[in-house]
Amino acid sequence: MLSPTGWGALVGGAALLGAGYGFGYPEAAVLGLACLLAVGVALVWTGRSPRLSARRRVTPRKVARGDGAEGFVALTNTGGRSRRGLDLTDRCGASPLTLHVPALAAGAEHTVRYPLPTERRGRIALGPLRLERTDPLGLSRRVRVFGPREGGTDTLLVRPRVCLLPVLPSGTAHHVEGPTSDTADEGSLTFHALREYVLGDDLRRVHWRSSARTGTLMVKQLVDVSLPHTTVVLDTRAVAYTAEEDFELAVDCAASVAFAAARSNFPVDVLGETGPVLRTDGAGGGDADALLDRLALVRLSARASAAGAFDDLERARRRGSLVVITGTGDTTGLGALERVRRRFDRTVVLRAGAETGGAQAEPRSLGSDVPQLRVTGLDSLLAAWRREAVR
């Protein structure tokens, strides 16, 4: 198709040719004819679609916010002629990125390398790849869009930044005979009850006397009553944060706290005022990665109150540590923390954001005996968390 310059040359050439012949100006007619010939040559130049194959590679496919990631596109000239005047356009999210491709001989391959934007957390769609071929004068161009099967589209997952934190000590056993609930975490320390055998149970736990008496294979249910359990409540309300950067810091804090427990194979619950975000039982080796993947997609909500985040905590038996992460803005609904914090061994509130004059006073609704840690960055989170861990 013709470019804007090509359309201008076509219309201008036709006008000059008509005026030259009509008014007897041979110079104008020659100039107009030259413009029309240039447009014709440009159309012939770009008339045939170049025979090229493309392969995209993203390294790494998952990256922490702010870290480096690169895209690689390998172009191979599968035709029998050299190709020049090629430009490759890749779309990274909403931003197009245009890259120049040097001349490719028949059968030659060239790899284009370019940095990918990782400043914003989330799943970034890459592509589709667009290959543009233009003539030397820029009058005509041919565009080829590579489909998914040709490597034209891909994704990059930008996850929260994480700092390595210690796990808060918690999980004290409240009964010498073990827990009184069947929802306790499986372990190998304390006998809790007998239950029927389930495929995959350790045969060393079979209670043969009970099995012989009941005629059903029975196994001993052992639990770990001191296993640290971490519950993270992330406030995603837009009114709770004075800037978007503060919310990103809050997500980084939530990811750091949850990652610390998950990488130690401890159970973690992540909740928001809109409902559960993710729950891990500490039994899977990929829990830490699953937490970071899920938190990469968390977005701000338009809710006015954070009270909904504590509804599930009132209905379920909880223990261990409760970590509430919010901003330095509105605290509506956070007073519901007072109803549930007695269910936990310890409670900590993290307030993410810069220290401004209007956010210095700690909200009374959170309770005077609940430690509130001001966090202005991951470095300050690490320092404050270490002090809280040994308190």
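Being a predicted model, the structure only gives us computed values, none of them experimental.
- The heavy-atom pair separating Ala42 from Leu139 by the smallest distance is CB-CB, 3.8 Å.
- A donor-acceptor pair under 3.5 Å is absent between the side-chain atoms of Thr231 and the main chain of Leu322, judged by distance alone.
- Judged by distance alone, with hydrogens and angles left aside, the side-chain atoms of Thr280 form a donor-acceptor pair with the main-chain N or O of Val268 at under 3.5 Å.
- Residues Ser82 and Asn77 share a closest heavy-atom pair of CA-ND2, 4.1 Å.
- Few gaps surround CZ on Arg294; more than 12 heavy atoms of other groups in view lie less than 6.0 Å from it.
- The backbone N or O of Arg159 sits nowhere less than 3.5 Å from a side-chain atom of Arg65 that would complete a donor-acceptor pair.
- A salt bridge does not link Arg237 with Glu273: none of the charged nitrogens is closer than 4.0 Å to a carboxylate oxygen.
- Within 6.0 Å of atom CZ in Phe72, more than 12 heavy atoms from other residues, nucleotides or ligands are found, so the atom counts as buried in its surroundings.
- Using a 4.0 Å cut-off between charged nitrogen and carboxylate oxygen, Asp252 and Arg121 do not count as a salt-bridge pair.
- Residue Arg299 qualifies as enclosed at atom CZ: its count of foreign heavy atoms under 6.0 Å is above 12.
- Interatomic distance, Leu373 CG to Glu388 CD, rounded to the nearest 0.5 Å: 5.5 Å.
- Between Val63 and Ala69, the shortest heavy-atom distance links the atoms CG1-CB, 4.3 Å.
- A salt bridge links Arg56 with Asp90: the distance from a Lys NZ or Arg NE/NH1/NH2 to an Asp or Glu carboxylate oxygen falls below 4.0 Å.
- In this structure a side-chain-to-backbone donor-acceptor pair under 3.5 Å is missing from Thr326 to Asp235.
- When all heavy atoms of Leu137 and Ala38 are compared, the closest pair comes out as CD1-CB, 4.4 Å.
- We find the OG-CG distance between Ser140 and Leu43 to be 4.5 Å, quoted to the nearest 0.5 Å.
- Residues Leu292 and Ala255 share a closest heavy-atom pair of CD2-CB, 3.8 Å.
- Between the side chain of Thr76 and the backbone N or O of Thr78, no donor-acceptor pair lies under 3.5 Å.
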